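All remarks here apply to the structure that follows.
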Amino acid sequence: MTNEVTVPLLPCASIDDIEAFYGVLGFRTTYKQRKPNACVAVQREDLHLQFFEIAGFDPEQSYGSCLVLTADIEGLHRAFAAGMRAAYGKVLVSGTPRMTRPRARKNADGLGGFSVIDPGGNWIRVFRDAATTPAGRLAKALANAVVQADSRGSVGQAVWILDSALARPHTDDDPVEQVEVLIYRAELAMVLHDPQTAAEMLARAQSVTLTDDESEKAAPALDNAVELTAALR
């Protein structure tokens with residue numbers, strides 16, 4: 001047999017909230033019913049997701065998750081971000097729902113990826129086949145923090161990793177890695193509803209001197225800083 005298709009079936013507290021959120025991300029509703037069991041199916045090109053409603057369901061306690069493999073994580077992330085900006089005026093980086101930035105995942109053989117955490121607390125994990133290996137001290141700390149926060153949802157542990165690395169600066173630290181760590185630390189502060197720390201970290205990142213080549217390498221992180229700054233207003 002060929003051309004088999006697997007469609008994740010994920011829990012939620014409200015199929016209406018799910019339908020509205022995924023509509024923001026460019027999905028269309030392909031099926032919806034109220035009885036005998038409330039459920040909704042959404043689709044964006046070849047990406048299919050289905051959800052079922054549970055009365056009293058707590059998204060914070062959800063274990064729902066699925067993997068999405070794509071050759072263009074940046075393009076998909078840009079599309080999702082554009083939808084969020086149009087609907088909410090900003091990219092959601094804290095609370096539920098929210099979306100992380102594309103980053104290499106140490107616990108997935110270095111594959112680049114990002115996550116969407118939807119209103120049901122489900123983690124939609126988007127990956128690409130493009131392995132990278134962190135080299136510098138700060139890059140390794142960042143990779144470990146991404147595993148904890150973006151993959152496992154352990155934001156506190158990720159914060160501890162980054163704060164420990166930032167507390168012991170080395171003269172040979174790569175400035176690009178320093179900027180990336182500071183901006184990711186700011187993002188985690190936003191997740192923890194700590195705007196003061198977020199602002200401090202963004203200010204520290206802005207104070208790092210970069211060459212033109214380094215600014216180009218740090219462009220994704222700097223773009224994230226712009227989004228975070230807007231979210232602080």
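Heavy atoms only: backbone and side chains are in, while hydrogens, waters and symmetry mates are out. This is a predicted model, so every value here is computed, not measured.
Cluster annotation: Leu182 is connected to Leu162 through the hydrophobic network of ILVMFWY side chains, with a link wherever side-chain heavy atoms come within less than 4.5 Å. Cluster membership check: Leu222 shares its hydrophobic cluster with Val93, using side-chain heavy-atom separations under 4.5 Å among Ile, Leu, Val, Met, Phe, Trp and Tyr. Both Val191 and Leu166 are members of a single hydrophobic cluster when ILVMFWY side chains are connected at heavy-atom separations under 4.5 Å.
Contact of the Met201 side chain with the Val181 side chain is not registered, since no non-hydrogen atoms from C-beta on lie closer than 4.5 Å. The closest side-chain heavy-atom distance from Thr197 to Arg185 is below 4.5 Å. The side-chain heavy atoms of Arg233 and Thr229, taken from C-beta on, include a pair separated by under 4.5 Å. In this structure, the side chains of Cys12 and Ile18 come closer than 4.5 Å at one or more pairs of heavy atoms. Taking the side chain as every heavy atom from C-beta outward, Met99 and Leu92 never approach each other to under 4.5 Å. Between Arg101 and Glu227, the closest side-chain pair of non-hydrogen atoms falls below 4.5 Å. Residues Tyr88 and Val24 have side chains in contact (heavy-atom distance under 4.5 Å, counting atoms from C-beta outward). The closest side-chain heavy-atom distance from Val7 to Leu49 is not below 4.5 Å.
Ring-plane geometry between Tyr22 and Phe51 is classed as tilted, the angle between the planes lying from 30 to 60 degrees on a 0 to 90 degree scale.
Atoms CG and CD1, on Leu10 and Ile124 in that order, are 5.0 Å from each other to the nearest 0.5 Å. Between Lys217 atom NZ and Thr211 atom OG1 the span is 7.5 Å, to the nearest 0.5 Å. Separating the CD1 atom in Ile15 from the CD atom in Gln50 is a distance of 11.5 Å, to the nearest 0.5 Å. The CD atom of Gln196 lies 11.5 Å from the CG atom of Leu232; values are rounded to the nearest 0.5 Å. Taken from CG in Leu138 to CG in Asp173, the straight-line distance is 4.0 Å, to the nearest 0.5 Å. Between the CG atom in Leu76 and the CG atom in Leu47 there is a gap of 7.5 Å [rounded to 0.5 Å].
Taking both residues in full, the closest heavy atoms of Ala218 and Val179 are given as CB-CG1, 4.5 Å, listed atom of the first, atom of the second, then distance. In plain terms, the two heavy atoms of Leu228 and Ile183 that are nearest each other are CD1-O, 3.6 Å. Considering every non-hydrogen atom in both Thr70 and Ile73, the closest pair reads CG2-CG2, 3.6 Å. Nearest heavy-atom pair across Arg125 and Ser115 is CG-OG, 3.9 Å. Scanning all heavy atoms of the two residues, the minimum distance from Ala149 to Tyr184 falls at CB-OH, 3.2 Å. Closest approach of Pro11 and Asn122 over heavy atoms only: O-ND2, 2.9 Å.
With hydrogens and angles disregarded, a donor-acceptor distance shorter than 3.5 Å links the side chain of His77 to the backbone of Thr100. Side chain of Asp150 to backbone of Val147: no donor-acceptor contact under 3.5 angstrom is found. Looking at Ser154, its side chain never comes within 3.5 Å of a backbone N or O of Gln157 through a donor-acceptor pair. Counting only distance, with no hydrogens or angles, the side chain of Arg168 and the backbone of Ala165 share no donor-acceptor pair below 3.5 Å.
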Inset, instruction - Decide side chain to side chain contact (heavy atoms under 4.5 Å, CB included) for Arg85 and Lys90; before the verdict, give the C-alpha distance in whole Å, the side-chain angles of both, and the deciding distance to 0.1 Å. - result: CA-CA 4 Å; Arg85 289 190 199 98; Lys90 62 183 179 180; 5.7 Å; no

Inset, instruction - Could you walk me through whether Trp123 and Cys66 pass side chain to side chain contact (heavy atoms under 4.5 Å, CB included), step by step? - result: CA-CA 7 Å; Trp123 286 64; Cys66 74; over 6 Å; no

Inset, instruction - In sequence, state the C-alpha distance, the side-chain angles, and the governing distance for Glu53 and Ser14, and then conclude on side-chain hydrogen bond (donor to acceptor under 3.5 Å, both in side chains). - result: CA-CA 6 Å; Glu53 187 174 296; Ser14 166; 4.6 Å; no

Inset, instruction - Could you go through the salt bridge (Lys or Arg N to Asp or Glu O under 4.0 Å) check for Asp16 and Arg34 one step at a time? - result: CA-CA 10 Å; Asp16 292 333; Arg34 295 287 182 187; 2.6 Å; yes

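In the displayed structure, Asp46 atom CG is contacted under 6.0 Å by at most 12 heavy atoms of other residues, nucleotides or ligands. Enclosure of atom CD in Glu216 is not indicated, since only 12 or fewer non-hydrogen atoms of other residues, nucleotides or ligands lie within 6.0 angstrom. Enclosure of atom CD in Glu74 by more than 12 non-hydrogen atoms of other residues, nucleotides or ligands within 6.0 angstrom is indicated.
A salt bridge links Lys32 to Glu19: one of the charged nitrogens lies within less than 4.0 Å of a carboxylate oxygen.
Taking the centre of each ring, Phe21 and Phe27 stay at or above the 6.0 Å mark.
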